[in-house]
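Keep in mind the model is a prediction, meaning the values are calculated, not measured.
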Amino acid sequence: MKLFRLALLLPLALFAAPAAAQDRAPPKLVVAIAVDQLSADLFEQYRPHFTGGFARLSRGTVFASGYQGHAATETCPGHSTILTGSRPARTGIIANNWFDLGAAREDKYIYCAEDPRVPGSTSSRYTLSPFHLRVPAMGDHMKRADPRARVVAVTGKDRAAAMMGGHGPDERWWWSDRGFVSHEGRAAPRSVDLVNANVGEALARPRPSLELPDICRPRSRAYPVEGGGRPVGEGRFARDAGDARAFRISPELDGATLALAAGLRAELGLGEGEATDLLIVGLSANDYVGHTFGTQGSEMCLQLLSLDRSLGDFFRLLDSTGVDYAVMLTADHGGVDIPERDRDHGHAGAVRVDPALHATAMGRAIGAQLGLEGRLLWGDGASGDIYVDRALAPADRLRVAEAAIRAYRAHLQVEAVLTAEEIRAAASPSGPPDQWRLIDRARASYDPERSGDFLVLLKERVSPVFDTSRGYVTTHGSPWNYDRRVPILFWRPGMAPSERGEAVETADILPTLAAMIGLAIAPGSIDGRCLDIDGVRCPAP
Ligand code: ZN
C-alpha cells in the first residue's frame, strides 16, 4: 500500500559531494521546515528508528533542547517565532485566537492570520493575511537585502503559511479542504494544478489500513477516552474514498505538501538564481494526528515513520538537482499524550480538566455569586488568556476579576493565575529558556493590546480537553516543557555532525540562518541570538 508519496516521480538521486562546511559560499537555497506538534520528547523517542530524512538531519547539528520558550504554546505563536527571530511578545501573535472586546464587529474573536480590514471578516470566515504579525520574517529581510531573492511557502495550515511566509512571499500555498489554495485571484503555477490533480485522484480511492512496522506493534493498543470520544491507539489510517478529513489527519497530507514544495522549487528554479532563495515548508499532519489519536499509539508511530520516509524522498530529490541547499527543521510547539494512556506510562497526575474552569462556566458562576448578568468572562477554554467584559461598570469589572481570580487560584487543577499587571511588570526574559519561571514564559507571549486581563495556567498534565466527542482527544498550549521543548536541526552537505545539549530558542533560528547566508539583521530588532554552528560565522555582538 502506497501513501501519497513523491518518490515515484524522482530520478535517481545524485548526492552532492560533501565539502568542508567552513569557508564555503552561502547556500543557494534555504529550506525551512516546521513540523507541527513535534515535541523534543517525541523526536528523542523515535530518533533511533529514523532511517530517512530525520536520520539525515540527525547527522547535522542537533539542538535536542530547543524551546518555544513562551507560555502560549499554540500553533500561530510558535510559527511566528521560527523565522522572525522574535518571541510572541514581539511578533504580536499571542495565541491562535484572541478576544478584542473593543472591536466594533459582533464577533470579538480574532484569528491570528485573518485580515480584519476586510469587511465582514470573522474568525471563521476570513481572508488569510500576515496583518497581525508585527515584525518582518526571514523572506522579508532577504527581499529587502536583495530583491532577486525568491520566497515560497507551502504548508498544511494557513496560519503556518501566513506566519512563516511573512509579508511578501512570491508564492504562498496552503491546504484547504481538498487541495492547495492561495490568496484570491492568484494564478496557480503548473505544479499546484498537478499536485492538486494527484491529490484528487488519491482521494477518490479508498485507502486500506497501513501495515504496522515491528517498531509500532508494542504501541498498538486501544485506549478508552473520557469525555465522549472514541477509543484511540490502534488506528492505521484506513480511509473511505473521498474522505478529505481523513486524508488531512494522516501522513498523506505531509506527502502532498512535500510534493508541492518540490514541484514549486523545480518550476521556479529556486536555488538556481542569482540570490539565495527560501523555501518554507509547513508539515501539519503531525499535529492533526496528535490531537486526534494522542502521541503514544500506533497512529503517531505510523505518522512519524511515514514523515521520515517522505522527508528522505524530498531531500534525495533536492540532491538530484545539484542545488546547494541547507535545511533547518523545528516545530511550532510540542505536545502530550492523552491522560488515560499517560497515567499507564507513569504520569499519575494526568487528568482532564474540570469543565467548571471553562471561562464561560466560570463567568456564569461568578455572575450568580455577584448578582450580575451577561457574559462576564471571555476566554478560549479552561486556561490561557481570560478577559473581563468591557460593558460592565468599572467597579463591577473589578469585582468580577477579583472573584474569578480567587476562584481559579483556589482550584486544585490550577497552577497559577497571573494578572496582566504582574506580567507587564516582569522584564522580558533573558538567559537559557529552560531556566525561565512561569512569569517569564508568560511575559514572552504577552502583548498589552491583545492579551487578557489575566492568564490561567493549569497544573502539569492537566489536559484542557474535557469534551472529546468532536474528535480532539488531547492538545498543547501549556507552559510546561512537553509543550515548549522542540528539536532544532540544521543540516548542510558536509556539515560536521554535532550534538548540542544547551537550551536554545526557536527565536535563535533567524539570526543563525541570516549569518549563514550573509544577511544583516538590525541589532536590537529581534530577541534571538546567532547560534555558533559549523559553517556559520556569527556577527560580533
Ligand atoms: Zn501547531
Side-chain angles (χ1 to χ4, degrees), residues 32 34 68-103 108-118 121 123 126-145 151 153 155 157-169 172 183 278 280 282 332-333 380 384-385 387 420 423-424 426-430 440-452 455 505-511 513-514 519-529:
Q68 293 277 5
H70 51 273
T73 49
E74 292 189 334
T75 293
C76 218
H79 280 100
S80 84
T81 71
I82 293 173
L83 292 177
T84 63
S86 298
R87 302 167 185 154
R90 191 189 292 266
T91 68
I93 308 298
I94 56 142
N96 286 342
N97 293 84
W98 57 86
F99 288 91
D100 179 359
L101 298 186
K108 313 287 185 202
Y109 195 49
I110 311 296
Y111 180 50
C112 64
E114 70 168 277
D115 187 342
R117 298 164 300 183
V118 175
S121 184
S123 61
Y126 55 84
T127 301
L128 189 82
S129 164
F131 175 84
H132 291 298
L133 181 66
R134 297 195 199 276
V135 295
M138 182 163 172
D140 303 318
H141 288 291
M142 289 169 70
K143 282 179 165 295
R144 172 187 40 75
V151 178
T155 65
K157 289 188 188 174
D158 65 359
R159 53 188 175 273
M163 295 301 128
M164 294 196 295
H167 297 277
R172 173 158 37 213
H183 302 287
L278 175 62
I280 298 159
D332 58 338
H333 51 74
D380 207 359
D385 283 295
Y387 305 73
I423 301 169
R424 244 195 324 262
S428 185
S430 57
D440 299 320
R441 303 174 195 189
R443 179 69 181 77
S445 47
Y446 174 81
D447 180 283
E449 277 178 33
R450 297 172 182 173
S451 293
L455 181 70
E505 294 182 59
T506 50
D508 299 333
I509 292 168
L510 171 79
L513 291 176
L519 178 69
I521 305 289
S525 67
I526 59 172
D527 298 310
R529 63 193 177 90

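A salt bridge does not link R529 to E505: none of the charged nitrogens lies less than 4.0 Å from a carboxylate oxygen. Salt-bridge annotation for D385 and R450: absent, with no side-chain N of the basic residue lying under 4.0 Å from a carboxylate O of the acidic one.
Counting all heavy atoms, side chain and backbone alike, R134 lies closest to R90 at CB-O, 3.7 Å. Residues G452 and A420 share a closest heavy-atom pair of O-CB, 3.7 Å. When every heavy atom of R443 is checked against every heavy atom of P429, the shortest pair comes out as CG-CD, 4.1 Å. Smallest separation of non-hydrogen atoms from G165 and V151: O-CG1, 4.4 Å. Contact record, A162 with S129: CB-O, 4.0 Å, taken as the closest heavy-atom pair. The minimum heavy-atom distance between L455 and A442, with the atom names listed, is CD2-CB, 3.6 Å.
Expressed to the nearest 0.5 Å, how far OG of S123 lies from CH2 of W98 amounts to 11.5 Å. Atoms CD1 and CG, on I110 and L101 in that order, are 9.5 Å from each other to the nearest 0.5 Å. Note that NE2 of H141 and CG of L510 are 5.5 Å apart. Values are rounded to the nearest 0.5 Å. In this structure, CE in M164 is found 9.5 Å from CG in L278, a value given to the nearest 0.5 Å. Atom OG of residue S445 and atom CD1 of residue I93 lie 12.0 Å apart, to the nearest 0.5 angstrom. To the nearest 0.5 Å, the span separating OH on Y126 from SG on C112 amounts to 8.0 Å.
Residues H70 and R87 are not in side-chain contact: their nearest non-hydrogen atoms beyond the backbone lie 4.5 Å or more apart. By the 4.5 Å heavy-atom criterion applied to side chains, Y111 and S121 are not counted as neighbours. Side-chain contact between H79 and H333: absent, with no pair of heavy atoms (C-beta onward) separated by less than 4.5 Å. In this structure, D115 and L128 have side chains that are not in contact, with every pair of non-hydrogen atoms separated by 4.5 Å or more. D380 is listed as a side-chain neighbour of Y109, based on a closest heavy-atom distance under 4.5 Å.
Of the possible donor and acceptor atoms, none in the side chain of S451 sits under 3.5 Å from a partner among the backbone N and O of P448. Using modelled atom types, one side-chain atom of R172 and one backbone atom of A161 make a donor-acceptor pair closer than 3.5 Å.
In this structure, the side-chain contact (heavy atoms from CB on, under 4.5 Å) partners of N96, at least two apart in sequence or on a different chain, are E74, T75, C76, P77, R159. Legend: residues meeting side-chain contact (heavy atoms from CB on, under 4.5 Å) with P116, ordered by chain and number and at least two apart, are R105, E114, F131, H132. Contacts of K108 classified as salt bridge (charged side-chain N to carboxylate O under 4.0 Å, His left out), with partners at least two apart in sequence or in another chain: none.
Checked options L83, T84, D140; the residue passing with V135 is T84 (criterion: side-chain contact (heavy atoms from CB on, under 4.5 Å)).
Judged purely by distance below 3.5 Å, without hydrogens or angles, the side chains of T73 and Q68 never pair a donor atom with an acceptor atom. T91 and S86 form no side-chain donor-acceptor contact under 3.5 Å, judged by distance and modelled atom types alone.
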Kindly indicate, with the supporting measurements, whether the criterion side-chain contact (heavy atoms from CB on, under 4.5 Å) is fulfilled by Y387 and D100.
CA-CA 9 Å; Y387 305 73; D100 179 359; over 6 Å; no
